[in-house]
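Any value given below was found using the heavy atoms of this structure, including those in side chains, with hydrogens, waters and symmetry copies removed. When a ligand or atom number is given, it counts from 1 through the structure's own listing order. Counting begins at 1 with the first residue of the sequence. Note that the structure is a prediction, hence the values are computed from the model and not measured.
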Amino acid sequence: MANQAPIALVMGSDSDLPKLENTLAVLKALEIPLEVRVISAHRTPDELRQWLDEAVPDGLKVIIAAAGMAAHLAGACAAHTTIPVIGIPIVGGALSGLDALLSTVNMPGGVPVGTVGLGSAGAKNAALFAAQILGVADAGIAKRVAEMRAADADAVRAKDAKVRAAYPGE
Ligand code: RP5
C-alpha cells in the first residue's frame, strides 16, 4: 500500500468493529494514520499472510489485532512478523470473552503478543500502547500521548472537586 500507515487495526470480523470505537477515537485524537482491516485467522488465513507480507516491508510499525471467541488473530500476526503485536480480546460469545482473553494472552514462549484487557478500557489501552511504542522514536506522538494523559488527570481532579463539594465532611 502506498503511504503505509504506521499502525494497523485488524479485526477478525466486522462484528468486532463496534467494540473498537475507543481504539479508533484515541488514534484519531493522536493524529496517527491508521489502516483498518477485517481479516480472519481462521476464515481468510491466506489474506492475513499476504497482507503482512506487503504491509510490514511497506512500513507498518505496530499491529493491533482484535478478535473474539477462539481468538488466534493476534498470535497468527505475531507468528508471521517481529514487529510489535498488541492483542485485544473481544467480549462476546458463550464465554463472554474469557475464551478470547486466554487465547490471546497465553502465547507460547518466543512469540509474544502484548495483550490488553477486555472491554472498552482494553480497546483504549491498545491504541495508547501502540502510540507509546511509536512515541519512543517520534517526539510529536510522545508529546500528544503525554498531553492526553495530562487531560485524563485533569478530568479526575475535576471529578474529585465535584465529589468533595457534594460531600464536604466536617
Ligand atoms: C472471531 O469470531 C471474530 O473476531 C468475532 O469476534 C467472532 C465472531 O465473528 P462473526 O461470526 O460475528 O463474524 O473470529
Side-chain angles (χ1 to χ4, degrees), residues 1-136 141 145 148 152:
M1 181 169 107
N3 299 319
Q4 171 65 52
I7 299 178
L9 170 61
V10 57
M11 64 202 80
S13 171
D14 63 348
S15 66
D16 300 325
L17 188 55
K19 296 161 187 169
L20 298 167
E21 283 177 8
N22 277 355
T23 313
L24 295 166
V26 167
L27 292 172
K28 187 175 181 188
L30 292 172
E31 300 168 32
I32 302 175
L34 177 69
E35 180 181 7
V36 181
R37 298 291 304 264
V38 175
I39 306 176
S40 169
H42 304 121
R43 293 164 171 159
T44 55
D46 293 342
E47 279 82 350
L48 181 65
R49 180 64 186 264
Q50 188 182 4
W51 169 61
L52 289 168
D53 281 350
E54 292 172 8
V56 175
D58 280 351
L60 179 61
K61 299 274 191 299
V62 183
I63 297 166
I64 302 172
M69 302 175 70
H72 297 125
L73 183 58
C77 288
H80 289 305
T81 179
T82 56
I83 68 170
V85 177
I86 300 167
I88 304 178
I90 294 290
V91 174
L95 300 180
S96 303
L98 182 59
D99 44 0
L101 174 62
L102 297 178
S103 300
T104 305
V105 77
N106 209 19
M107 289 293 291
V111 190
V113 167
T115 304
V116 296
L118 291 163
S120 59
K124 179 178 181 177
N125 281 343
L128 284 165
F129 194 19
Q132 288 173 216
I133 291 169
L134 294 184
V136 171
I141 291 175
V145 169
M148 187 173 278
D152 280 354

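Looking only at protein heavy atoms, the nearest one to atom 14 (O) of ligand 1 is Gly68 O, 4.1 Å. For atom 13 (O) of ligand 1, the closest non-hydrogen atom on the protein side is Ser13 OG, 2.6 Å. The nearest protein atom to atom 5 (C) of ligand 1, hydrogens excluded, is given as Asp16 OD1, 3.2 Å; this is a heavy-atom distance. Of all protein heavy atoms, the one closest to atom 7 (C) of ligand 1 is Met69 SD, 3.8 Å.
Every atom of ligand 1 is numbered from 1 in the order shown, and the set under 4.0 Å from a heavy atom of Gly12 is 3 (C), 4 (O). Below 4.0 Å from some heavy atom of Ala67 lie the following atoms of ligand 1, by number and element: 4 (O).
Residue Ser15 touches ligand 1 through its side chain alone, judged by heavy-atom distances below 4.0 Å. Proximity of Arg43 to ligand 1, defined as any heavy-atom pair under 4.0 Å, is confined to the side chain (atoms from C-beta onward).
Using a 4.5 Å cut-off on side-chain heavy atoms (C-beta onward), Leu24 and Val36 make contact. Between Val145 and Leu30, the closest side-chain pair of non-hydrogen atoms falls below 4.5 Å. Between Ile63 and Leu52, some side-chain heavy-atom pair lies under the 4.5 Å cut-off.
Between Thr104 atom OG1 and Ile86 atom CD1 the span is 12.5 Å, to the nearest 0.5 Å. The line from NZ of Lys61 to CD of Gln4 is 9.0 Å long, rounded to the nearest 0.5 Å.
Crowding of Met148 atom CE: a count of heavy atoms from other residues, nucleotides or ligands under 6.0 Å exceeding 12.
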